Amino acid sequence: MILYDNPASPFCRKVQVLARETGQMKGIEIRPSVGSPVNSDKMPTDHNPLGKIPTLTLKDGAALFDSRVICRYLDDQAGGKFYPKDKLYETLALEALSDGIMDAAVLMVYENRARPEGERSPAMIEAQWAKVTRALDHLESKGVSGGLDMGQIALGCALGYLDFRHANRMWQDGRPKLTAWFDRLSQRASMVATEPHA
Ligand code: BEZ
């Protein structure tokens, strides 16, 4: 299998964390891919017309995307532990919420990176951060519990991306439970090995 990947992408990190937790990294070749919404030259457009990462190609040439589909596939290959049947919709909902945090946080980065200075919208950036804030407040009050599942892996990758690209926003402030949970998760070998970098 070939994984089109970028070490800064929290969506790619989800895939790598799950692959490591399920012992599947040996079977995956990493193909570094760099791009942005306004430049897909080096993105896997032959395999994914959207030109987005992560994209995973299988031995028979089939391509899987996006991260949710890839993670579901890898988990099925490994016996289905990270999408447990007895809390499937809870897991999927937490994965979707965490992916939404990533979407908003990445859009904030792209607003500055992909648009020339005069075309940037501070209101758009703050609206994205407001989504992140609401999601984190919800998670702080609801709590995160139970054994490690794909929703929790996605949340860990989302919080790691906030630290990586939006450290100045200090998401930990006023959220001690979420901070403690993330600190524990961050010690796992799969998280340490996939720390985001440019
Ligand atoms: C980033 O540099 O923050 C980034 C790179 C790839 C995908 C998403 C984010």
Side-chain angles (χ1 to χ4, degrees), residues 1-20 25 28-57 63-74 94-117 119-133 135-136 150-172 178 182 185-186 190-198:
M1 294 183 283
I2 297 173
L3 178 64
Y4 294 86
D5 176 87
N6 184 300
S9 162
F11 297 99
C12 293
R13 189 180 188 191
K14 282 173 64 186
V15 173
Q16 281 223 30
V17 170
L18 182 64
R20 285 164 198 276
M25 278 307 281
I28 298 178
E29 180 193 330
I30 301 294
R31 196 69 61 87
S33 305
V34 185
S36 77
V38 293
N39 184 357
S40 7
D41 287 1
K42 298 200 178 86
M43 299 302 258
T45 46
D46 291 348
H47 303 291
N48 177 351
L50 301 173
K52 292 177 93 173
I53 50 169
T55 292
L56 182 75
T57 56
L64 300 182
F65 48 87
D66 55 7
S67 67
R68 279 185 241 186
V69 174
I70 297 172
C71 289
R72 202 69 193 261
Y73 171 80
L74 290 177
L94 180 57
E95 185 178 11
L97 183 64
S98 305
D99 284 7
I101 295 172
M102 294 178 204
D103 276 330
V106 169
L107 274 176
M108 291 169 71
V109 170
Y110 282 157
E111 186 70 15
N112 285 321
R113 193 184 287 172
R115 290 189 203 276
E117 201 160 336
E119 292 177 20
R120 291 176 198 155
S121 165
M124 154 81 172
I125 292 174
E126 292 315 310
Q128 296 305 322
W129 186 249
K131 287 178 198 266
V132 173
T133 299
L136 297 183
M150 196 56 224
Q152 295 185 14
I153 290 175
L155 178 57
C157 296
L159 297 177
Y161 188 74
L162 297 182
D163 278 343
F164 177 53
R165 290 293 188 210
H166 302 292
N168 59 326
R169 301 263 182 177
M170 295 184 289
W171 69 263
Q172 292 90 342
L178 203 51
F182 179 60
L185 182 81
S186 298
S190 61
M191 291 293 284
V192 172
T194 58
E195 278 269 335
H197 59 91

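Order of appearance sets the numbers: ligands from 1, and atoms from 1 within every ligand. None of the values given here were measured: they were computed from a predicted structure.
- At the top of the distance list for atom 5 (C) of ligand 1, counting protein heavy atoms only, stands Ala8 CB, 3.8 Å.
- For atom 7 (C) of ligand 1, the closest non-hydrogen atom on the protein side is Ser9 CB, 3.4 Å.
- Close to ligand 1: Tyr110, with a non-hydrogen atom less than 4.0 angstrom away.
- Applying the ring pair (Phe, Tyr, Trp, His ring centres under 6.0 Å) test to Tyr4 and every residue at least two apart in sequence or in another chain returns His47.
- A salt bridge is defined here as a Lys NZ or Arg NE, NH1 or NH2 lying under 4.0 Å from an Asp or Glu carboxylate O, and Glu126 with Arg169 meets this definition.
- Residue contacts with ligand 1 for Phe164 are absent, since no atom lies close enough (heavy atoms, distance under 4.0 Å).
- Not one N or O on the side chain of Glu111 forms a donor-acceptor pair closer than 3.5 Å with the backbone of Pro122.
- The closest donor-acceptor contact from the side chain of Arg13 to the backbone of Pro196 lies at 3.5 Å or more, if one exists at all.
- The backbone N or O of Ala105 sits less than 3.5 Å from a side-chain atom of His166, completing a donor-acceptor pair.
- Of the protein's heavy atoms, Tyr161 OH, 3.5 Å lies nearest to atom 9 (C) of ligand 1.
- Considering backbone and side-chain N/O of Asn6, none are found under 3.5 Å from N/O of ligand 1.
- Residue contacts with ligand 1 for Lys52 are absent, since no atom lies close enough (heavy atoms, distance under 4.0 Å).
- For Asp99 and Arg68, the salt-bridge test passes: some basic side-chain N is under 4.0 Å from an acidic carboxylate O.
- Residue contact check for ligand 1: Arg113 places a non-hydrogen atom closer than 4.0 Å to it.
- By the ring pair (Phe, Tyr, Trp, His ring centres under 6.0 Å) test, Phe182 is found to be paired with Trp171, residues two or more places apart in sequence or in another chain being considered.
- In terms of protein heavy-atom proximity, atom 2 (O) of ligand 1 is closest to Arg165 NH2, 2.8 Å.
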